[in-house]
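A quick write-up on the structure given underneath.
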Amino acid sequence: MSVSQPSWTIGIEEEYLMVNRDTGELATDSMNGVIEACQAELKDLVRPEFLQSQIEVATDVCKDVKEARAQLAYMRAKVAEIGANYNLAPIAASTHPMAEWDQQVHTDAERYHNFANDMQAVVRRLIISGMHVHVGIDDDDLRIDLMNQVSYFLPHLLALSTSSAFWRGRKTGLMCYRLSVFDELPRTGLPELFDSYSEYRKHVRALINVGVIKDATMLWWDVRPAHKFPTLEMRITDICTTLDDAIAVASLFQCLLRMLHRLRRANQRWRTYRTMLINENRWRAQRYGLDEGLVDFGKSQIVAFDSLLEELFEMLQEDAEALNCTEELLSLRTILKRGTSSHRQLAIFEAAKENGATDLEACRTVSKWLMEETVNVT
């Protein structure tokens with residue numbers, strides 16, 4: 001068993017939807033020049049996404065979440081500054097309040113043409129954005145072992161990040177509708193369990209050899225070994241509208257991995273649960289977010305999220321101190337107290353409706369708030 005200490009470096013990717021600054025509506029054919037202008041300023045830290053109305057940014061490899069926050073703050077502000085020249089603004093939300101998917105156009109690039117041809121209507125509905133967190137773990141087998149164990153906590157991470165309560169101008173009744181859209185793609189959801197990295201690679205090669213996938217980047221699991229980097233990549237979360245929420249969620253993922261590694265060094269491990277059980281919590285996080293608790297399978301009962309969070313704080317205290325993110329981790333209490341982006345979007349929508357707004361007008365009010373909160377990075 002490897003006992004080497006991983007680097008625990010961190011990198012964060014965020015996907016933004018670009019909207020009209022006046023109307024709050026999703027950009028369609030008005031993105032010409034925006035990506036190029038952003039790339040001129042941010043180089044390879046920014047790139048296009050499948051839809052023309054999307055843009056993705058990624059931090060460098062960072063030593064801790066404080067460094068990652070500084071980079072994301074700069075990139076959010078810079079994308080907003082450049083977008084303003086085109087009357088556009090970024091919003092950090094996993095669905096747009098009122099966009100219609102059949103009015104969107106995908107980016108003109110060969111990989112996206114192939115993707116659209118392969119996935120058809122499934123991918124045309126993909127007006128969704130996420131946040132991906134990479135944590136540096138050099139040992140291949142350790143990445144697989146920690147992936148197996150950290151899957152238990154993925155619903156916890158999702159519940160803290162929800163920002164996709166609306167779809168096509170309507171409340172969905174879910175705090176995270178994004179996964180309902182994303183799960184229509186193949187090779188999504190919770191990862192498989194593997195005994196070793198070589199077993200994982202064997203199964204990946206089986207799909208590559210028959211031409212089903214090009215490489216492991218086409219495994220879109222909630223957490224996966226990154227294909228290009230020696231990292232474990234968490235992908236389940238919505239993108240957080242508030243930057244500090246994003247950093248808090250990223251710090252939780254980083255701390256969980258260090259805690260699991262610490263147990264491993266002491267010849268202990270977190271119990272591995274069947275996918276069918278973790279999927280129940282995954283659904284609860286999608287449907288209710290923080291509001292109705294998650295199942296504690298050790299206790300065989302549903303536990304309120306505030307109790308679950310305090311238990312995590314106690315378990316992760318040593319890890320947060322070692323990773324220099326105690327303040328960021330404890331700020332998860334702020335999310336619990338005032339709600340995620342989905343809670344706040346819903347409250348803004350209902351307030352607008354009470355003041356006589358139509359559903360469309362209320363959704364535009366939500367979009368305007370998302371524009372403001374996305375760049376509130378001080």
*Answer yes if the side chains of Thr95 and Ser164 hold a donor-acceptor pair under 3.5 Å, and no otherwise.*
no
*Can Arg287 and Glu292 be counted as an ion pair, charged N to O under 4.0 angstrom?*
no
*Approximate separation, where rounding is to 0.5 Å, of Leu332 CG and Leu312 CG*: 9.0 Å
*asked:* Taking the side chain as everything from C-beta on, heavy atoms only, tell me whether Met234 gets closer than 4.5 Å to Leu257.
replied: no
*Would one find more than 12 heavy atoms of other residues, nucleotides or ligands at under 6.0 Å from atom CD of Glu314?*
no
*For residues Met315 and Arg262, report the shortest heavy-atom separation together with the two atoms involved.*
O-NH2, 3.1 Å
*Please test Gln345 against Ser163 for side-chain hydrogen bond (donor to acceptor under 3.5 Å, both in side chains), starting from the C-alpha separation and ending with a verdict.*
CA-CA 8 Å; Gln345 290 178 51; Ser163 66; 5.1 Å; no
*Ignoring hydrogens and angles, tell me if any N or O in the side chain of Ser151 forms a donor-acceptor pair with the backbone of Met147 under 3.5 Å.*
yes
*asked:* Hydrophobic cluster membership, with links at side-chain heavy-atom distances under 4.5 Å among I/L/V/M/F/W/Y: are Val150 and Leu158 in one?
replied: yes
*asked:* Same cluster or not: Leu260 versus Leu193, using hydrophobic residues (I, L, V, M, F, W, Y) connected whenever any side-chain heavy atoms lie under 4.5 Å apart?
replied: no
*Looking at the rings of His96 and Trp167, which for Trp means the six-membered one, are their centres under 6.0 Å apart?*
no
*Should Arg284 and Pro155 count as side-chain neighbours, where that means a heavy-atom distance under 4.5 Å?*
no
_Non-hydrogen side-chain atoms of Arg271 and Tyr152 separated by less than 4.5 Å_ = no
_Please report the interatomic distance CZ(Arg47) to CD1(Ile55), rounded to the nearest 0.5 Å._
10.5 Å
*Do Leu179 and Tyr288 belong together in a cluster built from hydrophobic side chains that touch within less than 4.5 Å?*
no
*Nearest-0.5 Å distance, CD of residue Gln254 to CD1 of residue Ile247*: 10.0 Å
*Within a strict 4.5 Å, meaning less than it, do heavy atoms of the Glu15 and His132 side chains meet?*
yes
*With salt bridge (charged side-chain N to carboxylate O under 4.0 Å, His left out) as the test, would you mind laying out the steps for Asp244 and Arg69 before giving the verdict?*
CA-CA 8 Å; Asp244 285 337; Arg69 187 197 186 281; 2.7 Å; yes
_Hydrophobic clusters here meaning ILVMFWY residues chained together by side-chain heavy-atom distances under 4.5 Å, can you tell me if Leu263 and Leu252 are in one?_
yes
*Check: Phe253 ring centre within less than 6.0 Å of Phe153 ring centre*: no
*asked:* If you compare all heavy atoms of Ala216 against all heavy atoms of Val204, which two are closest, and at what distance to 0.1 Å?
replied: CB-CG1, 4.1 Å
*asked:* Rounded at 0.5 Å granularity, tell me how far NE2 in His134 sits from CD1 in Ile12.
replied: 10.0 Å
*Give every residue pair that meets the side chain to side chain donor-acceptor pair (under 3.5 Å) criterion with at least one member in residues 213-225, sequence neighbours excluded.*
Asp215-Thr217, Asp222-Arg282, Arg224-Glu233
_I'd like to know if the side chain of Lys368 and the backbone of Asp22 have a donor-acceptor N/O pair within less than 3.5 Å._
yes
*asked:* Minimum heavy-atom separation for Leu316 and Cys255, please, with both atom names.
replied: CD2-O, 3.6 Å
*What are the two closest heavy atoms between Pro225 and Leu232, and how far apart are they?*
N-CD1, 3.9 Å
*For the pair Ser342 and Thr340, evaluate side-chain hydrogen bond (donor to acceptor under 3.5 Å, both in side chains) and give the outcome as yes or no after the intermediate values.*
CA-CA 5 Å; Ser342 282; Thr340 64; 4.5 Å; no
*Any donor-acceptor pair under 3.5 Å from Lys171 side chain to Leu346 backbone*: no
*Heavy atoms, side chains only, cut-off 4.5 Å: are Arg76 and Pro90 in contact?*
no
Cut-off 3.5 Å, no hydrogens considered: what does the side-chain donor-acceptor table look like for residues 371-378, sequence neighbours left out?
| residue | atom | partner | partner atom | Å |
| --- | --- | --- | --- | --- |
| Glu373 | OE2 | Thr242 | OG1 | 2.8 |
| Thr374 | OG1 | Ala92 | N | 2.8 |
| Thr374 | OG1 | Leu370 | O | 2.7 |

*Carefully, step by step, assess Ser251 and Leu323 under the rule side-chain contact (heavy atoms from CB on, under 4.5 Å).*
CA-CA 9 Å; Ser251 70; Leu323 296 170; over 6 Å; no
_Show, in sequence, the C-alpha distance, side-chain angles and deciding distance for His343 and Asp291, and conclude whether the side-chain hydrogen bond (donor to acceptor under 3.5 Å, both in side chains) test is met._
CA-CA 10 Å; His343 288 99; Asp291 296 340; 2.8 Å; yes
*List for me each residue that meets salt bridge (charged side-chain N to carboxylate O under 4.0 Å, His left out) alongside Lys299, sequence neighbours excluded, and say none if there are none.*
Glu311
*Is a side-chain N or O of Asn355 found less than 3.5 angstrom from the main chain of Ala351, in a donor-acceptor match?*
yes
*Looking at Ala246 and Glu14, what are the two nearest heavy atoms and their distance?*
CB-OE2, 3.9 Å
*Does Met131 offer a backbone N or O that forms a donor-acceptor pair with the side chain of Thr237 under 3.5 Å?*
yes
*asked:* Atom CD of residue position Glu192 - does it have more than 12 heavy atoms of other residues, nucleotides or ligands inside 6.0 Å?
replied: no
*asked:* Can you confirm whether Asp145 sits close enough to Asp141 that some side-chain heavy atom of one is under 4.5 Å from a side-chain heavy atom of the other?
replied: no
*Met175/Gln286 under side-chain contact (heavy atoms from CB on, under 4.5 Å): CA gap, chis, key distance, verdict*: CA-CA 6 Å; Met175 301 303 282; Gln286 281 183 255; over 6 Å; no
*Taking the inter-plane angle between the rings of Phe305 and His156 on a 0 to 90° scale, is it parallel (under 30°), tilted (30 to 60°) or perpendicular (over 60°)?*
tilted
*Is it true that Arg143 and Asp138 make a salt bridge, defined as a side-chain N closer than 4.0 Å to a carboxylate O?*
no
*Rounded to the nearest 0.5 Å, how far apart are NZ of Lys63 and OG of Ser7?*
13.5 Å
*Lys/Arg-Asp/Glu bridge criterion (N-O < 4.0 Å) met for Asp245, Arg338*: yes
*Does the side chain of Glu321 come within less than 4.5 Å of Gln317's, by heavy atoms?*
yes
*Under 3.5 Å side-chain donor-acceptor pair for Gln54 and Ser129*: yes
*List the atom of Leu17, the atom of Ala93, and the distance in Å for their closest heavy-atom pair.*
CD1-O, 3.8 Å
*Approximate separation, where rounding is to 0.5 Å, of Asn20 CG and Asn87 CG*: 5.0 Å
*Is it possible for you to say whether Trp369 and Leu360 belong to one hydrophobic cluster, with membership spreading through side-chain heavy-atom contacts below 4.5 Å?*
no
*Please lay out, stage by stage, how Gln71 and Glu67 fare under the test side-chain contact (heavy atoms from CB on, under 4.5 Å).*
CA-CA 6 Å; Gln71 288 198 16; Glu67 183 180 347; 3.9 Å; yes
*Can you find a heavy atom in the side chain of Glu41 that is under 4.5 Å from one in the side chain of Ile82?*
yes
_Under 3.5 Å donor-acceptor, Thr365 side chain and Glu361 backbone_ = yes
*Under 6.0 Å from the CD atom of Glu327, do we count more than 12 heavy atoms belonging to anything else shown?*
no
_Single hit among Lys353, Arg170, Arg364, Arg168 for salt bridge (Lys or Arg N to Asp or Glu O under 4.0 Å) with Asp359_ = Lys353
